[in-house]
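Heavy-atom basis, side chains included; hydrogens, waters and symmetry copies ignored. Within every chain, numbering begins at 1; the chains are lettered A, B, ... in the order of the sequence lines, protein sequences first and strands thereafter.
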Amino acid sequence: MLDIRFVRENPELVRENIRKKFQDFKLPLVDEVIALDTQRRAAIGEGDSLRASRNTLSKQVGVLMGQAKKDPGKQAEADEVKAQVAAQAKRLAELEVEEARLDEEIRSRMLTLPQLLDPTVPIGKDDSENVEVERFGEPLTPDFEVPYHTDIMEAFDGIDLDAARRVAGNGFYYLLGDIARLHEAVLAYARDFMIDKGFTYCIPPFMIHGNVVEGVMSFPEMDAMMYKIEGEDLYLIGTSEHSMIGRYIDQILPLDSLPQTLTSYSPCFRKEKGAHGIEERGVYRIHQFEKQEMIVVCKPEDSKAWYEKLWKNSVELFRSLDIPVRQLECCSGDLADLKCKSCDIEAWSPRQQKYFEVCSCSNLGDAQARRLRIRYKDEAGKAQLCHTLNNTCVAPPRMLIAFLENNLQADGSVKIPVKLRPYMGNKEVMTPKGK
RNA sequence: GGAGAAGUCGCCUAGUUGGUCGAGGGCGCAUGAUUGGAAAUCAUGUAGGCCUUAACGGGUCUCGAGAGUUCGAAUCUCUCCUUCUCCGCCA
């Protein structure tokens with residue numbers, strides 16, 4: 001969400017930003033917002049002066065009523081002042097309705113205006129124009145065939161999708177045995193990896209109120225992702241980022257408490273309504289998964305540096321598990337409306353001979369902070385908006401695909417990288433059933 | 001889930017026959033004075049949003065949230081939320 005004053009003073013910049021995101025249909029919103037804002041300020045001005053007048057007159061009534069106790073003649077005077085206030089009351093009531101209406105009209109439009117892009121974001125229409133920035137590790141091609149990831153898991157008796165479909169429908173899984181253990185091992189390893197980076201481990205609520213949801217994501221995302229609890233003002237989180245950033249709602253943080261750097265664990269629930277849908281097989285895109293996340297709340301001038309640190313953490317983590325990755329920068333058209341800048345870390349798939357998304361790192365600038373009123377006291381003691389960032393540490397089901405494909409050996413066993421062994425009972429290798 | 005009690009300015013607290021309370025006091029914090037320096041002491045300041053102003057400032061709104069009564073509500077009414085105590089139930 002943008003600052004209404006910024007829109008008022010820089011309408012052309014806002015329009016330019018909309019064009020860069022190929023959302024020309026939103027261009028009329030700029031003038032609409034500015035016109036509504038003018039009306040709103042006029043209504044507030046008139047309303048405030050009526051309220052001021054009411055306050056003054058009411059005080060007079062108080063004084064006159066006091067005097068009337070001794071001098072009953074003053075009662076008529078008091079009644080007359082009361083009548084004056086009453087005469088203004090109707091207009092004030094109208095203005096209050098008008099103010100509320102205009103607030104809502106403006107807000108609904110402001111919520112759909114995209115955040116200003118960071119100047120370094122490449123311009124492009126959609127995800128096909130995202131830009132590969134750098135590769136880390138050799139994308140290897142083994143001289144044996146790498147099976148589909150669920151087939152690898154089945155070789156370990158590690159997955160039961162049939163039962164999951166019967167119990168919960170498509171898009172869920174049972175993980176079993178070594179595969180389930182590997183799932184937890186990866187999470188635990190990632191947790192400790194981030195703790196070693198100085199982040200604070202956190203387990204947040206897995207359900208949040210609607211106002212928090214509105215604060216952390218845009219409407220299209222919300223509609224496509226969030227599950228709502230029937231009859232309650234509660235949504236299942238789509239990522240722990242939602243409850244982690246929501247934690248700071250309406251807070252003014254002391255200067256010395258920034259940056260807030262946390263790594264959170266949670267299950268994630270997603271409808272995955274929209275373009276891709278749930279794939280028929282596999283665990284690439286599902287309704288429920290678990291994730292270790294990292295989030296940062298910092299001063300505006302620090303957010304760019306934190307963005308760089310965050311995505312590099314993901315690269316380091318994946319490389320420590322012998323998985324080749326690359327950084328893919330989101331182009332303007334593929335960037336969610338709340339984000340200033342974002343990149344994916346993609347892991348190499350030896351089976352598909354291509355990279356696929358495993359992490360997503362984003363700098364939201366002050367967009368979430370403005371919606372949720374997350375501020376800090378600056379050096380001068382003034383409240384300023386913070387910046388917020390988030391990045392995936394690991395999201396196991398998807399990470400498991402990368403892990404299994406890249407660590408699979410010709411005999412069907414899967415080697416366990418040194419770093420992960422303590423979390424897997426010090427096993428060096430996972431052996432499939434019957435071997 | 002049932003029965004009681006309570007939610008005020010960073011913290012503690014005053015404030016119920018509605019008016020001079022957006023709000024007093026203490027602590028904490030900041031600045032200044034005093035001091036060789038510190039402690040102590042004294043003085044001043046110490047929420048946020050919105051509107052307005054070049055600025056100083058002015059106006060308005062917020063005393064858990066929302067609605068209502070009233071010329072006027074921290075103070076009265078209603079609904080909701082949260083916390084505490086007791087009971088019940090359960091990981």
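With rounding to whole Å, Lys82(A) atom NZ is found 12 Å from G19(B) atom C1'. In this structure, CD of Glu96(A) is placed 14 Å from C1' of U62(B), rounded to the nearest angstrom. One interatomic measurement links the two molecules: CG of Asp250(A) to P of G10(B), which rounds to 13 Å at whole-angstrom precision. A straight line from CD1 of Ile249(A) to P of U82(B) spans 15 Å, rounded to a whole angstrom. One can place CZ of Arg51(A) at 16 Å from C1' of G22(B), the figure rounded to the nearest angstrom. In this entry the distance linking CD1 of Ile106(A) with P of C51(B) reads 10 Å, nearest Å. Between the C1' atom of A47(B) and the NZ atom of Lys377(A) lies a distance of 7 Å, rounded to the nearest Å.
The side chain of Arg41(A) contributes an N or O atom lying less than 4.0 Å from OP1 or OP2 of U52(B). Distances shown here put a side-chain N or O of Asn55(A) below 4.0 Å from the OP1 or OP2 atom of C61(B). A sub-4.0 Å separation between OP1 or OP2 of G49(B) and a side-chain N or O of Arg375(A) is present. For Arg5(A), no side-chain nitrogen or oxygen approaches OP1 or OP2 of G49(B) to under 4.0 Å.
Nucleotide A33(B) forms a Watson-Crick or G-U wobble pair with U41(B), both donor-acceptor distances falling under 3.5 Å.
Distance noted for atom P between C11(B) and U79(B): 29 Å (whole Å). U20(B) sits 14 Å from G72(B) when the P atoms are compared, rounded to a whole Å. G45(B) and G24(B) have their P atoms separated by 11 Å, given to the nearest Å.
Taking the centre and axis of the six-membered ring of Tyr284(A), the NZ or CZ atom of Arg398(A) falls inside the cone set by 45° and 6.0 Å.
Checking Lys291(A) against Thr239(A) by side-chain atom types alone, a donor-acceptor pair falls below 3.5 Å. Between the side chains of Gln88(A) and Ser53(A), a donor-acceptor pair is found at a separation under 3.5 Å.
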Donor-acceptor pairs under 3.5 angstrom involving side-chain atoms of residues 196-212 of chain A: please list them, not counting sequence neighbours.
| unit_1 | atom_1 | unit_2 | atom_2 | d |
| --- | --- | --- | --- | --- |
| Lys197(A) | NZ | Glu316(A) | OE1 | 2.8 |
| Lys197(A) | NZ | Glu316(A) | OE2 | 3.2 |

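The 5' end of RNA chain B is approached more closely, in terms of each residue's nearest nucleotide, by Lys382(A) than by the other of Lys382(A) and Gly47(A).
Taking both residues in full, the closest heavy atoms of Arg319(A) and Ile323(A) are given as NH1-O, 3.1 Å, listed atom of the first, atom of the second, then distance.
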